[in-house]
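Presented below is the structure to which this report refers.
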Amino acid sequence: MAAALQGSPALATTAYEIRRREALAIQAGLLPNPTLSLDAEDFLGPSQRKSYGYQQTTLSIAQLVELGGKRAARRRLADRDRDLATWDFETQRVAVLTDTTKAFLLVLALQEREVLLRDLERLATEMLNSVASTVRAGAVSPVEEDRAQVNLDRVRLDVAQVANDLSAARALLAATWGQSNPSFDRAAGDLWILPPTPDASALAAAVDESPELARWGAEIAQREAALAVERAARIPSVELSIAGRHHEFGDVGGVVAGIAIPVPLFDRNQGNIVAARQQLVRARTERRAVDVDLRSTLVASHQAFAVSERRVSTLRDQIIPRAHRVFEKTRQGYATGLFRYVEVLDAQRTLFGARQELRDAVLALHLAATDLERLTGTPRPTLAEVGTVTRIPIHIHWLVIAVALTIALGGTLACDGDERAPRSETPQQEIGQDDHEDAQEGNHEEEIPAAIALSETRRAAAGIEVAVVGSAAIDSGSELLGEVHPNGDRLAHIVPRFPGIVREVRKNAGDRVVAGDVLAIIESSDSLAPYSLKTLIDGVILAKHLTRGEAIDREKQAFVVADLNTVWVDLAVYQKDLDRIVLGQRVRIHAVNDGPDAEGEISYLTPDVDQVTRTATARVVLDNPERKFRPGMFVTAHTLDATMAALAIPRDAIQTFEGRPTVFVESPVGFVPRAVTLGREGDSRVELLAGLAQGERIAVKNTFLLKAELAKAEAEHDH
């Protein structure tokens, strides 16, 4: 900010204008110069007159005496011109600071997007490797690998694009202080420190002192001073003179005094007075127009702030955590053949799209807050106070911001050094895994990632909550993925009794029917007599496979009718869970799209394992009187054999970083990421086998924000 104030060409131009008007104010207060004149008379003419010495010489001095307060009026007008230039400078300075702030925020936002896309690139690479392994095993078509490669290529294009956008944004930021090329690599700042919510009454009170409105107060004062100058000009000024005269005839002298007074018979400056008065009226009208426009813009900016604030809250607290759960479950289901890769890709795009929306919403929130500060000239904390406006002089307020951002932009702006504790090389905690996993983890034992330091304000703004690690009941022994199907025992395939022509279709897919209802009228090809095609059970028509005028035979499946008062939920049972799944076991069913929950018991378990997915199928016959569970819905199920675990942590506390489950442990220097080993997974809690000790405090909500900070720190360290 300090660099922008010093190097802005527009601001320098306005500063020179102030100095020019200060010089004009000095000039306006000076007295008129006196006039010195010499007159010679009768020094040419007839020779006889020269011989008699008629020549006379007069030396005079005259001074204009301005009446009606003209000089004082000019001085006041010059002072008002200077004041107006000062307010123009103040308005221009606010505009420069606002533009610089917005350019700085844009750089921060693009840096966050770069980190997000790098994270997405790593994930897309992992998914490509996973799909390639599945293709080599012959479980899916090679087309799936091509699709994963296309996805990775698109992500890499986005990474390249954001790099170009970031370079342009850095150049735009450097241009605000007059540099053609940026001399920094990164901007150090925290986009996630959200501005406080402004109070509407405080905004309304602050707008009266807005720099843009105050500038028009100076404009009106200048126009009033200009009118006073024109009114003073109608009063004539007087010129006084005194002279000494010498007569050659008799060699005598004398004194001559004079006064000159204009007679205001025709010109009383009436035209200029009327013009100045109209200029004053125009200025007052323009001020009212600016006031109306300013207040309407303020209302719009306040509404934009409120909308962005709601979007940030909804995305951060609701949409992203749910999208993250859907993605993780879909990715797990892909490994068992329950989901196709296109569904994993859709869940991935939904998650990262929501994270991008959150970044955009946070940026919009900061931009709206910046506009509110510009419109009111009042700092954000003051606007958040209800009913009071303690104004800080605008130059002091912006100076505070300038000092803060100058510190943030100081040096090369390489990284957030003040936000993170130094790295230390400490051995990783030992975890009980096989030799292969130990060999893999040896690559990560070089150093522990830096702690993520968050102030109380930042933690509250991010919605990060902390809980103590301890023993807890795991509310289910196993988590299973499944799909809803119609109850096969309550399903009817309606076929024609005789081949013929469809003359009438009375029911369509989705219609409710009762046993005996006529679904269609068919004219028999043998007897040419019409007969009715009726449903055999009560239920809902799931499918209709005939149209009017169509020729059908007895092999044609005309309608499918299902009684959806009960449905089958077929669950994929992994090999590791087979020993824990038994007939009669109760489970809780939860729809993947956050639909309704229900409970049922396992009534059937296949005796074999599918050769492709390597899973068995457990079936739950679920009561569905309200039709909440629809065929085709994906669900998760948790067995309800709750048991105590020595250590258990909430599911929302776990993030995947570099392919390992990771939690964020609270420490005196911030949140430290730590890899953990997980055991049984419950509905809301997961058993912890290694990595944490009882009594440690960990982040349990909105931990994806900490993961984003960690990824950004790693990217900066690598750079």
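These numbers come from a predicted model, not from an experiment. Note that the numbering runs from 1 along the sequence shown for the chain.
To the nearest 0.5 angstrom, Leu116 atom CG is 12.0 Å from Leu110 atom CG. Once rounded to the nearest 0.5 Å, the distance linking OG1 of Thr101 with CG of Leu367 reads 10.0 Å. Going from atom CD of Glu17 over to atom CD of Glu22 covers 10.5 Å, rounded to the nearest 0.5 Å. Rounded to the nearest 0.5 Å, atoms CG (Leu120) and CZ (Arg118) are 11.5 Å apart. The CG atom of Asp81 sits 10.5 Å away from atom OG1 of Thr86, with the distance rounded to the nearest 0.5 Å. Taking CD from Glu239 and CG from Leu64, the interatomic distance works out to 6.0 Å, rounded to the nearest 0.5 Å.
When all heavy atoms of Arg316 and Asn702 are compared, the pair lying nearest together is O-OD1, 2.9 Å. For the pair Phe104 and Ala188, the tightest heavy-atom approach, listed with the atom from each and the gap, is CZ-O, 3.6 Å. Leu375 and Ser301 get closest at one heavy-atom pair: CD1-OG, 3.9 Å. Between Ile319 and Ala354, the shortest heavy-atom contact is CG2-CB, 4.0 Å. In plain terms, the two heavy atoms of Phe305 and Pro196 that are nearest each other are CZ-O, 3.4 Å. Of all non-hydrogen atoms in Arg223 and Ala283, the two that sit nearest each other are NH1-CB, 3.4 Å.
Listed by first then second residue, pairs satisfying side-chain hydrogen bond (donor to acceptor under 3.5 Å, both in side chains) with a partner in residues 158-167 read Gln161-Asp165, not counting sequence neighbours.
The closest side-chain donor-acceptor pair between Ser60 and Ser37 falls under 3.5 angstrom.
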Exercise. Could you check Leu173 against Thr100 for side chain to side chain contact (heavy atoms under 4.5 Å, CB included), going step by step and ending with a plain yes or no?
Key: CA-CA 6 Å; Leu173 178 58; Thr100 306; 4.1 Å; yes

Quiz prompt | Test side chain to side chain contact (heavy atoms under 4.5 Å, CB included) applied to Glu224 and Arg284, step by step | solution = CA-CA 10 Å; Glu224 290 175 341; Arg284 289 170 176 167; 3.0 Å; yes

Quiz prompt | Verdict with reasoning, Leu77 to Gln222, per side chain to side chain contact (heavy atoms under 4.5 Å, CB included) | solution = CA-CA 6 Å; Leu77 176 58; Gln222 188 265 355; 3.9 Å; yes

Practice problem: Under the salt bridge (Lys or Arg N to Asp or Glu O under 4.0 Å) rule, what do Lys102 and Asp99 come out as? Steps first, then yes or no, please. | Solution: CA-CA 5 Å; Lys102 290 183 176 181; Asp99 292 342; 5.8 Å; no

Practice problem: Apply side chain to side chain contact (heavy atoms under 4.5 Å, CB included) to Leu31 and Arg71, showing your working. | Solution: CA-CA 8 Å; Leu31 290 170; Arg71 187 164 62 91; 3.4 Å; yes

Exercise. Check the pair Asp79 / Arg76 against salt bridge (Lys or Arg N to Asp or Glu O under 4.0 Å), numbers first and verdict last.
Key: CA-CA 5 Å; Asp79 289 341; Arg76 284 194 297 271; over 6 Å; no

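Counted within 6.0 Å of CZ on Arg234, heavy atoms from surrounding residues, nucleotides or ligands total 12 or fewer; the atom is thus considered open.
Side-chain contact between Ile273 and Leu227 is present, with heavy atoms from C-beta onward closer than 4.5 Å. The closest side-chain heavy-atom distance from His302 to Leu298 is not below 4.5 Å. Leu84 has its side chain within reach of Arg21: a pair of non-hydrogen atoms, C-beta onward, lies under 4.5 Å apart. The side-chain heavy atoms of Arg287 and Glu219, taken from C-beta on, include no pair separated by under 4.5 Å. Counting heavy atoms from C-beta outward, Gln279 and Glu230 have side chains that stay 4.5 Å or more apart. The closest side-chain heavy-atom distance from Glu114 to Leu166 is below 4.5 Å. Using a 4.5 Å heavy-atom threshold, the side chains of Ile242 and Val256 count as separate. The shortest side-chain heavy-atom distance between Leu358 and Arg355 does not fall under the 4.5 Å cut-off.
Ser313 places no side-chain N or O within donor-acceptor distance of the main-chain N or O of Glu309, the cut-off being under 3.5 Å. Arg359 contributes a side-chain N or O that, together with a main-chain N or O of Ala109, makes up a donor-acceptor pair within less than 3.5 Å. Looking at Glu112, its side chain never comes within 3.5 Å of a backbone N or O of Gln356 through a donor-acceptor pair.
The existence of a salt bridge linking Asp291 and Arg288 is excluded, since no basic side-chain nitrogen approaches an acidic carboxylate oxygen closer than 4.0 Å.
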